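Note that the structure is predicted; figures quoted are calculated from it, not measured. Ligands are counted one by one from 1 in listed order, and the atoms in each one are counted from 1 as well. Note: hydrogens, waters and symmetry copies are ignored here, and every other heavy atom, side chains too, is used.
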Amino acid sequence: MGKRLILGRVLRFEASPFVQEPETSATLINGGGVLIEGGLISEVGDGAALRRKHPDADVDDTGGSLISAGFVDAHAHYPQTAMIASWGKRLIDWLESYTFPEEMRFDASEYARDIAERWLDLITANGTTSAATYCTSHPQSVDAVFEAARARGMRLFAGKTCMDRNAPKALCDTAQRAYDESRDLLLRWHGEGRLSYVITPRFSPTSTPEQLDALGTLWAEHPECLMQTHLSEQTDEIAWVRALFPNARDYLDTYESHGLLGGRGLYGHAIHLEPRERDRLHEFGAGLVHCPTSNTFIGSGLFDMGGLKSAGHHVGLATDTGGGSSFSMLRTMAATYEIGQLSGRALHPAELWWLATAGSAEVLHVGDKIGNIIPGMEADLIALDLASTPAISQRATRAVSFWEEVFPTIMMGDDRAIRQVWIGGEKV
Ligand code: GUN
Ligand code: ZN
């Protein structure tokens with residue numbers, strides 16, 4: 001693998017825009033360059049100077065495109081790709097009417113492989129270079145997506161979705177089978193190239209206390225792994241959890257009391273949190289994953305980004321396909337902005353971009369590897385056209401600052417804005 005030099009307008013974060021002034025949190029290098037060697041970023045700087053210094057590098061000159069770290073989707077359900085945009089239900093009946101029947105099809109490995117490839121094609125076209133995904137309860141659904149990601153050299157996080165109650169029999173395992181099958185997959189896949197196994201109880205309503213215990217035990221045996229689940233998404237769901245776990249202090253306690261609260265835990269949605277839940281999640285440094293297009297599509301509620309970030313929580317951004325209504329992290333940023341507005345906090349474009357790259361990488365505990373353009377990091381990069389449609393172009397040309405120029409692409413952009421994608425330094 002030789003040297004590759006990517007030329008364009010290079011965007012790099014120097015600090016979190018939630019900690020430092022958004023306007024000064026990032027550096028834009030106009031006429032910049034990113035040198036890649038062995039799949040890693042080795043130098044970042046002036047494009048012409050890098051070209052003179054490395055005449056042997058293959059050059060990808062993107063013209064005036066914006067070069068950013070690829071987007072990182074911190075919570076998706078790849079098996080729900082083909083049933084995205086299913087009409088008219090809320091969480092519980094949406095799961096029963098659309099989701100479980102679709103997930104039952106993943107018993108067939110061939111179908112799982114087909115959808116895994118389809119999902120990876122779609123997210124890559126949308127500039128997402130890394131993701132954390134739920135699979136189904138079938139181990140073969142995990143093999144399918146890991147095999148597909150390995151062939152593409154993608155950094156992917158995935159796990160078998162464990163359920164042993166309140167779901168169709170064909171999707172249910174048992175506490176012991178959840179432990180055994182998860183462990184077997186973990187031992188086979190975790191740390192294989194760029195792949196990471198994630199211990200995945202779907203959510204408390206579909207796991208018995210015995211199953212939660214078994215997965216808590218597995219996590220304690222493999223603390224190097226992430227654990228992903230859902231938390232406090234809809235009020236009906238919370239009432240159901242209260243009925244199923246009458247002794248729990250709150251929803252989070254159903255995880256906490258079974259060894260499923262930790263700093264490497266990813267808690268999807270986390271909308272209707274009690275003060276105790278906020279405190280405990282913060283104490284553990286857990287990752288909260290905001291799924292804005294899902295929260296509006298399924299009618300779940302408004303995530304308190306302003307309050308949670310001010311309190312120092314770790315937050316990542318995610319599509320949550322197919323509860324989410326888009327494969328695009330640009331659309332996800334736009335929905336994050338809209339929900340912020342409804343909650344009284346106008347998020348700065350730098351904050352939105354950081355959440356979709358470095359913020360998501362941070363909750364996945366790979367903030368030192370992906371999500372930014374810094375020497376030593378993996379070369380998962382995208383080139384964006386900030387004038388990809390007539391509507392965006394006519395607004396962007398009026399801009400008097402960089403972030404004003406980016407904002408129309410955040411609000412109105414889609415896969416047409418993604419000009420080029422590099423995964424591990426290789427052009428896709
Ligand atoms: N809660 C439990 N399972 C799911 C799921 O598949 N999607 C969403 N959005 N919420 C869930
Ligand atoms: Zn989800």
Side-chain angles (χ1 to χ4, degrees), residues 73-106 115 119 123 131-138 141 145 157-168 171-172 178 198-207 211-212 215 226-241 244 251-252 254-255 260 265-272 287-303 316-327 332 335 339 360 363-364:
D73 184 347
H75 177 132
H77 298 257
Y78 96 80
Q80 298 171 16
T81 295
M83 46 129 314
I84 192 169
S86 290
W87 184 85
K89 306 288 184 190
R90 291 171 64 84
L91 178 60
I92 307 304
D93 56 349
W94 173 85
L95 284 169
E96 286 165 357
S97 307
Y98 300 122
T99 313
F100 293 155
E102 177 63 15
E103 292 192 2
M104 283 162 75
R105 301 177 69 171
F106 286 72
I115 300 295
W119 175 66
I123 66 169
T133 184
Y134 290 62
C135 303
T136 66
S137 52
H138 312 94
S141 73
V145 78
F157 301 78
K160 166 192 147 77
T161 297
C162 300
M163 298 193 275
D164 67 345
R165 64 168 165 177
N166 295 321
L171 287 179
C172 282
V198 189
I199 295 165
T200 309
R202 180 176 217 119
F203 67 156
S204 293
T206 50
S207 287
Q211 181 168 84
L212 295 174
L215 294 173
L226 298 172
M227 188 284 306
Q228 61 185 351
T229 191
H230 296 85
L231 175 67
S232 288
E233 181 176 358
Q234 287 207 344
T235 50
D236 290 357
E237 171 208 15
I238 296 166
W240 192 20
V241 169
L244 289 169
Y251 195 156
L252 184 67
T254 64
Y255 299 129
L260 292 170
L266 300 168
Y267 302 87
H269 303 277
I271 298 171
H272 310 281
L288 308 183
V289 187
H290 182 30
C291 307
T293 72
S294 170
N295 295 346
T296 51
F297 183 77
I298 311 186
S300 300
L302 306 180
F303 180 82
L317 216 57
T319 60
D320 190 30
T321 24
S325 56
S326 175
F327 297 96
T332 301
I339 289 178
S360 283
V363 299
L364 297 175

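Atom CG of residue Leu212 and atom CZ of residue Phe203 lie 11.5 Å apart, to the nearest 0.5 angstrom.
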- [ ] Let me see the working for Leu266 and Leu364 under side-chain contact (heavy atoms from CB on, under 4.5 Å), right down to the final yes or no.
- [x] CA-CA 8 Å; Leu266 300 168; Leu364 297 175; 3.6 Å; yes
- [ ] Please report the C-alpha distance between His230 and Leu91 in whole Å, then the side-chain angles of each, then the deciding distance to 0.1 Å, and finally whether the side-chain contact (heavy atoms from CB on, under 4.5 Å) criterion is met.
- [x] CA-CA 12 Å; His230 296 85; Leu91 178 60; over 6 Å; no
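For the pair Trp94/Gln234, no side-chain contact is recorded, criterion being any heavy-atom separation below 4.5 Å from C-beta on. Looking at Met227 and Tyr267, their side chains come closer than 4.5 Å, going by heavy atoms from C-beta outward. Residues Tyr251 and Trp240 form no side-chain contact, since every pair of their non-hydrogen atoms from C-beta on lies 4.5 Å or further apart. Leu244 is listed as a side-chain neighbour of Arg165, based on a closest heavy-atom distance under 4.5 Å.
Closest non-hydrogen pair, Pro201 versus Leu215, comes out as CB-CD1, 3.7 Å.
The number of protein N, O or S atoms lying under 2.8 Å from the Zn ion (ligand 2) is 4.
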Please tabulate, one line per pair, the protein nitrogen or oxygen atoms found under 3.5 angstrom from a nitrogen or oxygen of ligand 1, with distances to 0.1 Å, or say none if there are no such pairs.
residue  : atom   : partner : partner atom : Å
ligand 1 : 3 (N)  : Arg202  : NE           : 2.8
ligand 1 : 6 (O)  : Gln80   : NE2          : 2.9
ligand 1 : 6 (O)  : Arg202  : NH2          : 2.8
ligand 1 : 9 (N)  : Glu233  : OE2          : 2.9
ligand 1 : 9 (N)  : Asp320  : OD2          : 2.8
ligand 1 : 10 (N) : Glu233  : OE1          : 2.7
ligand 1 : 10 (N) : Glu233  : OE2          : 3.3

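Ring pair Phe106/Tyr78: centre-to-centre distance below 6.0 Å.
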